[in-house]
Amino acid sequence: MPELPKAYDASLVEDKIYAEWEASGVFNPDQLPERNQKWTPYCIMMPPPNVTGVLHLGHALENAMMDTMARFQRMRGKKVLLLPGTDHAAIATQAKVEKTLIESGMKHPREELGREKLIEEIRRFAEESKTTILSQIKKMGTSCDWDRLAYTFDEARSKAVNELFVRMYGDGLIYRGYRVVNWSVKGQSTASDDEIEHVERPAKLYTFKYAKDFPITIATTRPETKLGDTAVAVHPKDKRYKKLIGQTFTVDVGAAKPLEIKIIADEGVDPEFGTGALGVTPAHSAVDFAMYEKQKAKGDPIDIIAVIGPDGRMTEEAGELYAGQTVEEAREKFVARLREQGLLEGEEEIMQNVGTSDRYGDVIEAIPMTQWWLDMNKEIPGRKKSLRDLMREAVTSGLDGKKEKKVTITPERFTKLYLDRVENLRDWCLSRQLWWGHRIPVWYRGDETHVGIEAPEGDGWEQDTDTLDTWFSSGSWCFSTLGWPDETADLKTFHPTSWMTMGYEILYLWLMRMVLMSAYALDDIPFKDAYIHGILRDEHGKKFSKSAGNGIDPIEVIEQYGCDALRISLLIGISPGNDSRYYTEKIESGRNFTNKLWNISRFILTVIASEAKQSPSHESEIAASSATPRNDTGTLADRWILSRLSEVVASVTKKLETYQFSAAGEELRDFTWNDLADWYLEIAKVEKGKSEILNTVLQTVLKLWHPFMPFVTEYVWGLAGFTAKGGSASGGEGKLIVAEWPDPVGARHAVPLPDAVAFGSLRTLVVDMRRLRAEQGVEAAKKVEFVIVEAHDHAPVPVEENAEWMSRLVNGSIAVVDAIPEGWVVASSGTVTVGLNLAGAVDLEKEKAKLEKELDQLKKYVVSTEGKLTNQEFTTKAPAQVIHDMKAKLEEAKTKIETLEKRLLT
RNA sequence: GGACACUUAGCUCAGUUGGUUAGAGCAUCUCGUUUACACCGAGAGGGUCGUAGGUUCGAAUCCUACAGUGUCCACCA
């Protein structure tokens with residue numbers, strides 16, 4: 001074996017290892033070894049990152065979780081598909097490119113470039129981002145199938161999107177309608193309700209009357225929209241206004257025509273708020289528009305007047321005083337006019353939530369327009385259910401009440417949020433006036449309309465110029481990636497997918513839509529388990545963002561500390577649904593652990609190699625051995641480490657199965673660092689002939705760590721010449737990535753409890769002896785003399801057989817005696833007492849004070865425990881095990897008291 | 001206005017159906033270059049689990065109220 005460097009240098013191995021994995025074909029499920037082909041498929045669709053730039057640490061966290069899961073399941077023998085992709089992110093990408101163009105001097109990119117050229121500009125940017133993103137995903141060690149790489153805007157995905165639209169239209173779920181939309185003036189496009197961010201800011205609330213003789217005073221923060229008012233709504237039971245309901249008043253507020261204001265009744269109006277009357281502007285408020293539709297349905301219609309246009313300026317309808325002005329200008333003028341005419345009754349500063357575009361940042365205007373909508377309430381032909389029903393069912397009873405068609409959300413509380421949202425969903429506005437996106441598959445010629453993937457026969461057909469909301473394509477991600485609408489083998493094998501992870505910020509935007517799309521298109525759920533993770537924040541708890549200037553490039557972190565270090569530091573310390581923080585100390589400790597594992601491996605391999613030299617015939621045997629040594633032979637330490645290993649295998653397996661990444665990682669780290677490195681390997685320096693066990697332990701530990709830290713483990717595995725059982729020439733060829741996961745069932749049966757207890761006692765003894773040395777300030781180099789006294793009424797502790805290694809660990813001689821000589825200092829665990837010979841050099845007063853303090857604590861404990869044990873209520877109601885353990889502990893404490901008191905007297 | 005989460009050691013966080021004297025990492029203090037590792041080893045100190053009630057033999061854990069922090073949602077004009 002070549003000389004291995006003391007410190008592990010990730011930068012020297014990661015790219016090489018990744019290339020080897022890629023070349024071996026194991027990322028592609030079809031090329032996995034035999035045993036994986038036979039078992040259950042396991043599929044994770046990677047949430048496609050937006051092609052708006054580069055990946056951040058949040059992506060690294062998400063990738064680490066998914067890849068850990070994929071590797072774990074692959075090693076367990078499942079046919080694993082981890083499918084990578086990117087999202088064209090229509091509005092986000094176009095907004096970003098337009099912003100860049102404007103920053104570089106262009107005034108109106110759309111006008112100056114035209115549709116074709118601007119799209120080309122965006123396409124180029126998107127391709128560049130894509131290249132960067134894909135290389136970043138590789139750097140993160142992601143074991144995804146590059147052969148199945150997908151893009152929401154590629155041909156196959158576009159086909160799926162069009163097909164979906166056409167089918168939904170055919171089912172009457174998609175319709176074209178004139179309704180109030182969320183309009184971004186800056187983006188010159190609609191936005192869905194989910195793309196609006198509410199921002200709190202100060203506003204003025206004006207109270208006024210339309211005219212001197214108008215009977216009701218109303219209030220508003222948007223006076224300029226009042227030019228389009230057509231009604232005043234009051235609560236039907238409001239005594240003040242009841243008699244006015246149904247009457248119409250004509251008022252002149254300066255609009256193009258005098259306004260006909262009808263007094264209408266609406267339950268939604270709060271009589272307590274303000275004047276208890278609401279000026280209704282159907283064209284510029286979603287709520288008011290709903291009243292407009294209600295009135296229409298009632299056969300008592302009111303008018304709708306649009307006074308703000310798509311350009312954000314007042315329309316002709318607003319009257320010549322206002323037409324062409326911005327809303328701010330019009331507002332000022334309108335208020336000034338009210339003041340002049342003595343109609344303004346009050347002005348008040350209030351805080352108000354306004355909706356802004358999450359991409360363009362401007363205030364969203366409500367404007368009535370003809371757009372394409374997806375109906376949430378209409379019954380789907382032949383299904384007797386609406387899309388809303390499907391979305392509800394999928395997370396409650398399961399689709400059609402079938403358990404296997406139920407999406408489980410972790411943590412559970414998000415299920416409730418999801419359901420609340422489902423109940424309040426409005427029809428989804430699908431069409432966007434953006435250019436970067438899937439063109440709506442609808443053609444027009446004169447009055448004719450054709451909905452279909454291809455333009456119809458004949459000349460003169462023009463395709464709708466609008467594009468689809470970007471979430472329409474990402475909603476179909478779980479099956480468009482598998483070849484739908486074709487009935488592919490992949491679709492049959494991998495859908496519904498097994499697991500999906502995402503941040504809670506896109507729960508509504510994405511998760512719901514995936515459920516909707518899969519339920520509609522395939523009558524199935526998109527995934528069985530959804531895991532909602534929190535946001536990664538900086539050390540101060542702030543969100544990472546470019547504007548805050550606290551962004552961290554994951555690739556730089558990887559270059560400095562290694563991918564494994566990054567992954568483990570991101571995964572340890574997280575819990576589902578909760579935000580976590582990233583800071584330097586964390587990544588350093590990840591790096592340190594990687595190095596620790598490296599050195600553990602280095603040591604074990606050295607020991608195996610040197611022992612093999614003494615009996616060369618065994619060398620190849622040992623390296624190739626993957627048989628588990630029996631744990632009823634060997635020394636106590638051997639049996640102990642093997643049983644601990646078994647426990648850890650079982651526990652880590654269970655934790656990974658239930659997505660407890662942090663708990664699994666912590667347990668594994670504690671075992672590796674404490675049990676293995678600090679104890680067993682130290683013992684192995686004394687007790688020889690452990691090649692076989694060390695070999696097993698190392699192999700198992702590497703396997704367990706592989707999902708978390710794929711690079712260092714694969715690297716060591718290769719150096720050691722370990723071969724993966726189950727690997728084959730077709731995939732992996734003995735690589736750790738396809739090695740068989742340690743068997744947790746077999747492991748669970750192999751824990752010899754008495755050995756674990758006995759070893760625990762010895763461990764406590766060693767710690768006691770070390771503490772005595774440290775407390776007494778004995779130089780580390782000085783060899784000392786210990787004696788051990790065992791209590792009579794306890795199972796004997798096997799000190800003598802283990803004295804050799806214990807002796808080395810405490811740097812002193814150890815003898816078992818009947819009584820501790822006078823003048824020695826002691827420490828007691830209850831069952832065993834340790835004495836250290838200080839040859840008279842001991843501060844008796846100090847020692848006495850220490851003993852007294854310890855006794856004091858013990859006595860308090862004994863009193864409270866005895867109190868519990870004599871309490872009838874407790875002894876009759878508490879489980880037997882709890883009582884038993886408590887009694888044992890009490891006895892121990894009593895013995896300890898006895899020992900210490902005796903000591904105090906001498 | 002509604003909902004949800006969080007509040008545990010100096011810091012960041014675990015704590016899975018309520019059950020020994022509440023844990024980890026980092027930081028702190030003391031000691032240490034015994035040939036795997038100073039990206040290390042040994043030892044130590046440090047918490048009345050936000051506050052107040054309640055349920056229970058038993059509460060960090062369940063319930064109620066309150067306070068602070070954060071997030072999401074919402075048509076109070």
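Naming: A, B, ... by sequence-line order, numbering from 1 per chain.
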* Atom P, compared across B:G19 and B:C63: separation rounded to whole Å -> 15 Å
* Asked: Does the base of B:C37 carry an N or O that pairs as donor and acceptor with the side chain of A:Lys6 under 3.5 Å?
  ->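 Result: no qualifying N/O pair found.
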Distances under 3.5 Å only, N/O to N/O: pair up the protein atoms with those of nucleotides 45-47 of chain B.
none

Which part of the nucleic acid does [X] contact within heavy-atom distance under 4.0 Å: base, sugar-phosphate only, or nothing?
X: A:Asn424; answer: nothing
X: A:Tyr8; answer: nothing
X: A:Gly279; answer: nothing
X: A:Asn871; answer: sugar-phosphate

* In Å, rounded to the nearest 0.5 Å, how long is the span from CG of A:Leu890 to CD1 of A:Ile883? ->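 Spacing of CG (A:Leu890) from CD1 (A:Ile883) equals 13.0 Å.
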* Output yes when A:Glu866 and A:Lys894 qualify as a salt bridge under the 4.0 Å nitrogen-oxygen rule, no when they do not. =>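 Result for this pair is yes, salt bridge flagged.
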* Using a strict cut-off of less than 4.0 Å between a Lys/Arg side-chain nitrogen and an Asp/Glu carboxylate oxygen, indicate whether A:Glu666 and A:Lys655 qualify as a salt bridge. =>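 No.
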* Set of side chain to side chain contact (heavy atoms under 4.5 Å, CB included) partners for A:Asp885, sequence neighbours left out -> A:Gln881
* Does A:Glu559 have any side chain to side chain contact (heavy atoms under 4.5 Å, CB included) partners at least two apart in sequence or in another chain, and if so, which? ->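 Per chain and number, A:Glu559 pairs via side chain to side chain contact (heavy atoms under 4.5 Å, CB included) with A:Ile555.
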* To do: Strictly below 4.0 Å, heavy-atom distances to any atom of RNA chain B: list the hits from residues 656-675 of chain A, or just say none.
  => A:Gln660, A:Arg669, A:Trp673
Who pairs with [X] by salt bridge (Lys or Arg N to Asp or Glu O under 4.0 Å), at least two apart in sequence or on another chain?
X: A:Glu682; result: A:Lys685
X: A:Arg771; result: A:Asp768, A:Glu775
X: A:Asp229; result: A:Lys226

Please list, for nucleotides 59-65 of chain B, all pairs of protein and nucleotide N/O atoms separated by less than 3.5 Å.
none

* To do: Would you tell me if any nitrogen or oxygen in the side chain of A:Ser575 comes within less than 4.0 Å of OP1 or OP2 on B:A14?
  => yes
* Asked: Any salt bridge (charged side-chain N to carboxylate O under 4.0 Å, His left out) pairs touching residues 587-602 of chain A, not counting sequence neighbours?
  ->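 Of all non-adjacent pairs touching residues 587-602 of chain A, none passes salt bridge (charged side-chain N to carboxylate O under 4.0 Å, His left out).
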For nucleotides 29-35 of chain B, print each protein N/O atom paired with a nucleotide N/O atom at under 3.5 Å, atom names and distance only.
none

* Starting at the 5' end of RNA chain B, write a dot or bracket for each base, bracketing those in Watson-Crick or G-U wobble pairs whose two distances are under 3.5 Å and using | for partners on another strand. => (((((((..((((.....[...)))).(((((.......))))).....(((((..]....))))))))))))....
* **Residue pairs passing the ring-ring contact (aromatic ring centres under 6.0 Å, His included) test where at least one lies in residues 577-607 of chain A, sequence neighbours excluded** => A:Tyr8-A:Trp598, A:Phe593-A:Trp673, A:Phe593-A:Trp705, A:Trp598-A:Tyr715
